[in-house]
Amino acid sequence: MEEIKNTNENPVEHKPKNFIYEIIDEDIKTEKFGKQVHTRFPPEPNGYLHIGHAKSICLNYGIARDYKGKFNLRFDDTNPEKEEQEYVDSIVEDVKWLGADFEERILYASDYFEQMYKWAVELIKKGKAYVCDLNADEIRATRGTLTEPGKDSPYRNRTVEENLDLFERMRKGEFENGAKTLRAKIDMASPNFNMRDPIMYRVVHAEHHRQGNSWCIYPTYDWAHGNEDSLEGITHSICTLEFENHRPLYDWFLDSLGVYHPKQIEFARLNLSYTVMSKRRLLQLVKEKHVDDWDDPRMPTISGYRRRGYTPEAIRNFAEIIGVAKRDALTDISLLEFAIRDDLNKNAQRVMAVLRPLKVVITNYEGEENLDAVNNPEKPEAGSRTVPFSKELFIEESDFMEDPPKGFHRLVPAGEVRLRYAYIIKCEEVIKDATGKVIELHCTYDKDTKSGSGASTKKVKGVIHWVSANNAVDAEVRLYDRLFTVENPGAEEDWLGKINPNSLEVISDAKIEPFIKNAKPLDKFQFERLGYFCVDTKYTTAEKLVFNRTVTLKDSWGKKS
RNA sequence: UGCCCCAUAGUGUAAUUGGCAACACGUCUGACUCUGGAUCAGAAGACUUCAGGUUCGACCCCUGAUGGGGCAGCCA
């Protein structure tokens, strides 16, 4: 590893993590921005944040942290028709939860509207912007095509005085929506569409969630974004690939203004298999009730993952694992699942829970006793707890098979299996109902095989989990599967038709050991042999615990719970 | 059709011109185990999209081709 020599008072040493770090290293070396590093995350408050945003947040905040620079949270709230305070609130919560420290700098593009207006006036005075009377259709018609240049607007050569007057009257509200725009005067023949006299301001008579009705003209993204970055002293303005073609315009505006000029860098957005990642589609899933809400545990939103039981550490680690590059890719969901399993394995309290109970009677056992169970084998300091054992138990339906396939080493007729933390039992009798369904098992236990007694010389292949019937806590457990049946639903014409009809299974009569009683919303557990589960924040009540399955345990046998 | 960007194992990334192309996930073995988890040991899997060129030497530089992505909102 080569150390980066940095004479800065904030020395930074690291191996470049990705191409953006290389660019920044170079900029520090040449002192393009002095030796400062200042990034930002600029969401539009028109939806909830998703895991793709998490990637961007981790990238931007990570850079600020690694270079001992600053990181801003800034709302790009330039379109009053789509934005809402609810989204602002959720975004602030999600960014904080992820642990990206913006040092209380919650900034808003709308706070810069006055300054942007002044700069627009400057551009008009420099002859670089003009008021255009063409309507939307006319502008589209004169913009040209992929192969043909556009045509100059008939209003392109208005005098500075006329432009100034018209622009002021636009602001005053003298014109209807869409009647006039302010356009940059660049080049209608440019091969880059963004340079064909792009629109800087449009008339929109709408109430802004923060500015109320003080404005009826709103800046477009291209005009506003560089201004915002410049005003905040951002050094590296990191965005996704689709803005690559906009960079010449970003540069043109800032150069024309002659103001501080940050560097825009683009990277590939995250695509995750078996889900969709565009806000438009996520909004549609919510609006059309294909899911519960933005925080439905099946949603790839940050709030969805939080509710499902993901931790910020796991998501941050995931962002680290997938890296950053410029080629568009489809990341396999298994990388995300690894990140959360890795975290929860080390940190989650273990507990025994039976999802589909099958009653077991230990015919030669009387009374009740308390057994000792380890809370987390990966974390000895977590200690142990007590688990009640008695004559009547529940085991998992799938842990018994009357006619087992080869390799099945759980309970079978006349077979033995260990009850975890308890005794080895033997299946003596299988009881069925009229339809032939197994409804109860009669077993005997071997009192010399008690866990931890050291007395057992007996070895069995299988260990299964169980819950004492009298002491069991009833709970609802919600099992989630991928939301879509195809790897890349976003690429499908009929993507809604690819929704997995079995993405949610609700189990209403799960049995859990009594330790679970005091669980609070968002508490995370490993249900032994089944997976990781998290107390739901929405459906859990004082009377009933509801769990979301975060992710299953890895399983080399192939059971399906 | 015009412009811009990209191209490395199944997946995501690395290798800033050189001894067998690395890491993580996933997959497969084996060991261990009172979680078919974890852990440990190991394996398979890439002629670095193709074709030329520069060079003693190219994943890396150049040219072309092919493939993929983006752009014709008064969205961001």
Side-chain angles (χ1 to χ4, degrees), chain A residues 2 15-19 22 42-44 46 76 78-79 81-82 132 134-136 139-141 143-150 177-183 190-196 198-204 217-218 220-222 224-225 239-248 266 268 270 273 279-280 320-339 341-342 345-346 350 352 373-374 377-378 407-410 418-422 424 449 451-452 456 459-465 526-531 552-559:
Chain A
E2 201 174 63
K15 182 179 179 186
K17 282 182 181 165
N18 54 55
F19 78 98
E22 287 175 27
E44 184 190 11
N46 67 342
D76 206 1
T78 58
N79 183 357
E81 294 179 315
K82 290 187 177 172
C132 181
L134 260 25
N135 65 34
I139 286 183
R140 191 180 317 117
R143 190 157 19 223
T145 68
L146 291 178
T147 49
E148 303 157 30
N177 283 2
K180 282 185 166 47
T181 57
L182 182 72
R183 299 176 72 179
S190 172
N192 182 341
F193 271 92
N194 297 303
M195 303 300 271
R196 319 244 263 224
I199 286 159
M200 296 167 61
Y201 277 94
R202 71 276 208 190
V203 177
V204 181
I217 55 173
Y218 289 88
T220 55
Y221 168 87
D222 286 312
H225 206 83
C239 59
T240 44
L241 252 28
E242 65 268 31
F243 294 105
E244 220 160 14
N245 293 332
H246 294 243
R247 185 162 14 104
E266 310 85 16
L270 170 68
S273 61
K279 278 202 235 176
R280 194 204 106 225
E320 204 66 41
I321 288 169
I322 58 175
V324 175
K326 288 196 72 163
R327 56 172 147 167
D328 29 30
L330 181 59
T331 299
D332 196 288
I333 191 77
S334 66
L335 297 236
L336 214 211
E337 292 182 342
F338 164 77
R341 283 195 187 105
D342 193 42
N345 174 50
K346 290 171 188 141
R350 268 61 169 180
M352 290 198 284
V374 171
E378 305 297 318
F408 182 83
H409 43 241
R410 282 112 96 168
R418 171 170 289 282
L419 294 178
R420 183 144 161 96
Y421 296 125
I424 291 176
T449 59
S451 268
S456 177
K459 281 238 193 285
V460 287
K461 283 178 298 190
V463 179
I464 65 174
H465 59 276
Q526 182 194 103
F527 290 177
E528 292 217 30
R529 303 210 305 132
L530 298 176
T552 60
L553 248 32
K554 255 181 80 175
D555 184 12
S556 44
W557 171 244
K559 74 169 177 284

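Note that the structure is a prediction, hence the values are computed from the model and not measured. We name chains A, B, ... by the order of the sequence lines, and we start the count at 1 in each one.
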Problem set entry | 5'-to-3' dot-bracket of RNA chain B (Watson-Crick, G-U; under 3.5 angstrom; crossing pairs as [ ]; | other strand) | .((((((..((((....[...)))).(((((.......))))).....(((((..]....))))))))))).....
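Scanning atom types as modelled, one donor and one acceptor separated by under 3.5 angstrom connect the side chain of A:Q526 and the base of B:rU35. Side-chain atoms of A:E266 stay outside donor-acceptor range of the base of B:rG70, with no qualifying N/O pair under 3.5 Å.
For the pair A:S556 and B:rG37, the criterion of a side-chain N or O lying under 4.0 Å from OP1 or OP2 is met. Phosphate proximity of B:rG36 to A:R410: absent, as no side-chain N or O sits under 4.0 Å from OP1 or OP2. Taking only side-chain nitrogens and oxygens, A:R529 never comes nearer than 4.0 Å to OP1 or OP2 of B:rA38. An OP1 or OP2 oxygen of B:rG73 is reached within less than 4.0 angstrom by a side-chain nitrogen or oxygen of A:R143. Under 4.0 angstrom from either OP1 or OP2 of B:rC75 there lies at least one side-chain N or O belonging to A:R202. Here A:T78 does not reach the OP1 or OP2 of B:rC75: none of its side-chain N or O atoms lies under 4.0 Å away.
Taking the syn range as angles within 90° of 0, the glycosidic angle of B:rG73 is syn.
One C1' atom belongs to B:rC23, the other to B:rA31, and the distance between them is 25 Å to the nearest Å. Going from the C1' atom of B:rG57 to that of B:rC40 covers 41 Å, rounded to whole Å.
Among the atoms of the strands shown, base atoms are found under 4.0 Å from some heavy atom of A:F243.
For the residue pair A:S334 / A:D332, a side-chain donor-acceptor distance below 3.5 Å is found, with atom types taken as modelled.
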